[in-house]
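Atoms within a ligand are numbered from 1 in the order they appear, just like the ligands themselves. In what follows, every heavy atom counts, from backbone to side chain, and hydrogens, waters and symmetry copies are set aside.
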Amino acid sequence: MIVISLQSGSNGNCLYVESRGVRLLVDAGISARQAEDRLLVRGREIRGIDALLISHDHTDHTRSMGTYQRKFSLPVYITEKTLSAVRHRTRLGKVSDIQSFIAGDSIQLAHMTVETLPTPHDGVDGVGFILDDGERRLGILTDLGHVFDGLSDALKTLDAIVIESNYDPTMLEQSGYPKHLKERIRGPGGHLSNRESAELLSGLSAGSLRWACLAHLSEKNNAPDLAIQAHRELCGDELMLYVASRYQASECMEV
Ligand SMILES: [Zn+2]
Ligand SMILES: [Zn+2]
């Protein structure tokens, strides 16, 4: 499996995965042009992608969903509740090829099984994804809310993970964000901190994960070196770490 983060953060999320001829996108939070251009930088063509998976209704994940669907003729896998929230929130336009699923269901795309994991994040019906191509298992778990029951058990089965490491608690506390926003971010429907993500990964037995890609980093309340440092402190030096950029495509991360 090859994974390319095209962008990650509150300014827009989009991730590409391919495995033996199956190609998919997770979330549509950057413009169609950006998604197309950043895939091209890594030698990939956006047309002919097999599926667009939508994690939840927030606009940083859904802003360009309608455009991707129309422009690139992508089937969109989304829950009905998320779809109706997106219709309320954005000017979605006419979309066809909607493939509904229920949070918790598995989706089959040729040899690829996409398991969906309901999350307690404050979207209406959010899910995380575990992609299993029969050889490797990749977790795509951002916008989690809090560390919920079953999360660490799910992590134990993974070969690689894209995981939310949203904020440094001290930076968030000292930031100029209004109190209600600080409380939302660190509350049960917000995001995981560097420390929470690091604790989750440190609970895994040595060597089970090939790599972790730290994702959805806050611009104001985090920095890549702080996120890495928090993970090094708890996970040691063995685990390979990537940080997904808020501005550009990652390298091709191989699972
Ligand atoms: Zn988000
Ligand atoms: Zn969100």
Side-chain angles (χ1 to χ4, degrees), residues 3-17 25-31 34-35 38 52-68 76-90 92 101 103 116-130 139-148 151 161-168 171-172 175 177-178 180-194 196-197 200 212-224 227 242-250:
V3 187
I4 305 170
S5 167
L6 302 180
Q7 183 164 305
S8 183
S10 55
N11 57 335
N13 294 273
C14 188
L15 184 99
Y16 169 86
V17 182
L25 285 178
V26 176
D27 290 330
I30 59 177
S31 74
Q34 281 174 320
R38 288 179 191 176
L52 168 61
L53 308 173
I54 298 291
S55 65
H56 66 297
D57 57 303
H58 290 160
T59 50
D60 56 316
H61 299 258
T62 56
R63 190 177 283 127
S64 304
M65 179 185 132
T67 317
Y68 289 18
V76 183
Y77 290 77
I78 187 168
T79 75
E80 298 214 349
K81 283 185 203 159
T82 297
L83 179 61
S84 84
V86 173
R87 282 194 199 285
H88 274 101
R89 195 163 283 185
T90 59
L92 183 59
F101 67 89
T116 70
L117 210 63
T119 65
H121 183 59
D122 58 5
V124 295
D125 194 28
V127 293
F129 297 108
I130 295 175
I140 302 167
L141 296 157
T142 70
D143 302 72
L144 294 179
H146 59 271
V147 176
F148 52 93
L151 181 59
I161 187 168
V162 177
I163 187 166
E164 153 168 84
S165 186
N166 181 257
Y167 66 95
D168 172 81
M171 283 181 81
L172 178 62
S175 77
Y177 278 26
H180 71 91
L181 199 51
K182 289 181 183 175
E183 277 170 5
R184 188 231 148 204
I185 291 167
R186 63 190 165 209
H191 294 285
L192 298 195
S193 68
N194 295 339
E196 287 170 313
S197 163
L200 271 171
C213 176
L214 310 181
H216 215 296
L217 268 67
S218 165
E219 184 180 29
K220 299 252 162 57
N221 304 316
N222 207 353
Y242 296 98
V243 178
S245 168
R246 293 174 59 93
Y247 308 103
Q248 59 192 10
S250 69

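Within His61, the N, O or S atom lying nearest to the Zn ion (ligand 1) carries the name NE2. Shortest distance from the Zn ion (ligand 1) to Asp60 is reached at OD2 (N/O/S atoms only).
Note on ring orientation: taking the six-membered ring where Trp is involved, the planes of His58 and His121 are perpendicular (angle over 60°, cut-offs 30° and 60°).
Contact annotation: His216 places an N, O or S atom under 2.8 Å from the Zn ion (ligand 1). Taking 2.8 Å as the criterion, His191 does not count as a coordinating residue of the Zn ion (ligand 2), since none of its N, O or S atoms falls below it. The Zn ion (ligand 2) has Asp143 among its coordinating residues (N/O/S atom, backbone or side chain, under 2.8 Å). Distances from the Zn ion (ligand 1) show that His58 has no N/O/S atom below 2.8 Å.
The local environment of CD in Glu80 is sparse, with at most 12 non-hydrogen atoms from other residues, nucleotides or ligands closer than 6.0 Å. Within 6.0 Å of NZ on Lys182 lie more than 12 heavy atoms contributed by other residues, nucleotides or ligands.
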* To do: Decide side-chain contact (heavy atoms from CB on, under 4.5 Å) for Leu6 and Leu25; before the verdict, give the C-alpha distance in whole Å, the side-chain angles of both, and the deciding distance to 0.1 Å.
  => CA-CA 10 Å; Leu6 302 180; Leu25 285 178; 4.2 Å; yes
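Not one N or O on the side chain of Asn221 forms a donor-acceptor pair closer than 3.5 Å with the backbone of Tyr167.
One finds an angle of 100° at the Zn ion (ligand 2) between NE2 on His56 and NE2 on His121, to the nearest 10 degrees.
In this structure, the separation between CG on Asp143 and NE2 on His61 is 3.5 Å, given to the nearest 0.5 Å.
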